[in-house]
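What follows is a single structure, written as structure tokens, with notes after it.
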There are 2 protein chains.
Amino acid sequence: MDLRTICLGLLTLGDRSGYELKKLFEDGSLGSIAGVSFGAIYPALGKLANEGLVSCRAEAQKKRPDKKIYSITPAGRAAFVEALMDPVAEDRFRSTFIFVMYFAHLMPGERLRELLSERIASAEQRIAQLRALEPLSTCPSHRFVIGLGLATYTAELTYLKRQRHSVEAPAKRRLDDLREPCQLSPSLHGQAAGSSS
Amino acid sequence: MDLRTICLGLLTLGDRSGYELKKLFEDGSLGSIAGVSFGAIYPALGKLANEGLVSCRAEAQKKRPDKKIYSITPAGRAAFVEALMDPVAEDRFRSTFIFVMYFAHLMPGERLRELLSERIASAEQRIAQLRALEPLSTCPSHRFVIGLGLATYTAELTYLKRQRHSVEAPAKRRLDDLREPCQLSPSLHGQAAGSSS
DNA sequence: CCCAACATGTAAACGGTTACATGATTAC
DNA sequence: GTAATCATGTAACCGTTTACATGTTGGG
């Protein structure tokens with residue numbers, strides 16, 4: 001789903017300027033998941049206006065550039081509802097953290113601990129953001145998204161903490177295990193395949 | 001983290017061709033998270049070779065194009081370990097499912113049920129993939145990644161099932177709640193701000 | 001004094017996917 | 001026969017980020 005459609009969707013919730021749209025996205029439940037940049041929003045809005053899916057009125061402001069307030073048109077609303085029927089694309093997920101952890105055995109232990117702490121902190125922050133949003137959101141759809149975010153971030157946090165715990169505990173294991181050398185199981189090697197199974 | 005670095009990392013686990021690298025990525029624990037295309041892998045490998053971070057030997061095959069096996073060089077290994085020290089970028093996550101669910105109230109109930117079922121099925125599939133990988137992975141780093149994936153997907157699955165459950169249960173609620181009209185709380189509107197707090 | 005927030009926009013760069021081009025082999 | 005797997009590569013396209021350009025207001 002491209003930004004164009006996301007903007008369209010956000011505009012079903014009320015009229016907004018590009019600037020406000022970005023805030024709404026980032027401060028809302030979707031923001032705990034990803035960000036957007038102006039360099040993408042403004043052109044998207046322009047295109048939407050070209051296609052007649054949104055209308056735009058300029059609101060003059062003293063000593064500030066005109067604020068361009070966009071409203072979704074009936075055609076835009078129809079197009080958006082239509083878009084909700086399209087087959088959903090798979091999640092596009094790229095996590096440097098996960099990738100880097102896949103190579104934990106190549107890092108100094110100190111770095112490993114640092115990485116884990118950072119990740120725990122950021123998960124806690126996202127959870128806090130979602131919890132703060134919860135009482136403000138009366139709409140069940142939004143509560144669903146918040147609940148989903150909360151469920152997954154909490155699970156990640158629990159997992160991460162359990163992993164880190166082992167370092168600080170007297171038994172001091174597990175995290176150090178991560179530094180053990182790595183070897184792939186033959187079935188993942190796929191080299192000179194021996195016609196398995 | 002770009003594909004170039006990911007290829008470099010994967011090559012620390014053993015020599016491989018571009019084709020095999022793609023399989024390794026997709027069949028391994030990282031594959032339950034995202035995919036890669038040849039159109040990105042081959043150029044990445046070429047660039048890596050240009051920079052002397054990997055070496056390449058062509059393996060002639062009867063009736064097939066030469067297989068180009070890449071090995072990481074000492075310089076490449078150093079560069080990769082270096083890359084593991086770089087500050088980790090935030091996750092880049094784009095989920096059409098989550099976005100669409102944010103607008104559940106604009107969809108027919110049937111569509112909603114379909115979406116939920118699809119998502120549940122795909123989460124179950126990913127969990128199955130990770131579980132299948134678990135006994136094959138002796139390396140603690142990889143087990144960490146598998147465990148993390150399992151923890152989050154399981155949490156999502158549980159959440160999703162609980163949401164769906166309410167439809168099939170006699171009390172038939174919650175999921176239908178999602179179709180209720182939506183209104184943002186004033187604090188998220190941000191329109192004509194009344195100097196809150 | 002400087003930084004953050006407000007406000008819009010453009011252009012270049014980036015990192016990736018999709019489609020195209022080519023072609024043998026094996027399993028159903 | 002036809003689809004999948006093996007095997008590499010290029011070019012066009014796409015959506016997005018980053019950097020640039022411009023300027024005011026208000027708070028620390």
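- When the C1' atom of dT17(C) is taken as reference, atom CD of Glu90(A) falls 14 Å away, rounded to whole Å.
- Using a cut-off of 4.0 Å between Lys/Arg side-chain N and Asp/Glu carboxylate O, Asp2(A) and Lys47(A) are scored as not salt-bridged.
- Summarising the geometry, the separation between CD1 on Ile6(B) and P on dC14(C) is reported as 18 Å, rounded to the nearest angstrom.
- Going from atom CZ of Arg94(A) over to atom P of dG15(D) covers 18 Å, rounded to whole Å.
- In this structure, Arg92(B) and Lys23(B) both approach DNA chain D, and ranking their closest nucleotides by distance from the 5' end singles out Lys23(B).
- In this structure, Leu3(A) and Pro43(B) both approach DNA chain D, and ranking their closest nucleotides by distance from the 5' end singles out Pro43(B).
- When rounded to the nearest whole Å, the span between CG of Asn50(B) and P of dG9(D) equals 12 Å.
- A salt bridge is defined here as a Lys NZ or Arg NE, NH1 or NH2 lying under 4.0 Å from an Asp or Glu carboxylate O, and Glu90(A) with Arg126(B) meets this definition.
- When heavy atoms are screened at a 4.0 angstrom cut-off, Lys47(A) is found touching no nucleic acid atom at all.
- The side chain of Ala40(A) approaches dT17(D) more closely than any other nucleotide in the set dT8(D), dT8(C), dT17(D).
- Under the 4.0 Å criterion applied to side-chain N and carboxylate O atoms, Glu124(B) and Arg119(B) are not assigned as salt-bridge partners.
- In the set dT8(C), dG9(D), dA7(D), the nucleotide with an atom closest to the side chain of Tyr70(B) is dG9(D).
- The CG atom of Asp27(B) sits 13 Å away from the C1' atom of dT5(D) (whole-angstrom rounding).
- Here dG9(C) presents its P atom at 13 Å from CG of Leu48(A), a figure rounded to the nearest Å.
- With dT8(D), dT17(C), dC6(D) as the choices, the nucleotide that has an atom nearest any side-chain atom of Ser37(B) turns out to be dT17(C).
- Arg77(B) and Thr12(B) are not linked by any side-chain donor-acceptor pair at a separation below 3.5 angstrom, with hydrogens and angles left out of the test.
- The phosphate of dC6(D) (OP1 or OP2) has no side-chain N or O of Lys22(B) nearer than 4.0 angstrom.
- Computed from coordinates, the Arg57(B) CZ to dT8(D) P distance equals 12 Å when rounded to whole Å.
- Between Lys68(B) and dG9(D) there is a side-chain N or O to OP1 or OP2 distance below 4.0 Å.
- Across dT16(D), dT8(D), dA7(C), the shortest atom-to-atom separation from the side chain of Tyr19(B) is found for dT8(D).
- Its side chain within the 4.5 Å cluster rule, Phe38(A) clusters with Tyr19(A), Tyr42(A) among the Ile, Leu, Val, Met, Phe, Trp and Tyr residues.
- In this structure, the CD atom of Glu59(A) is 10 Å from the P atom of dA7(C), given to the nearest Å.
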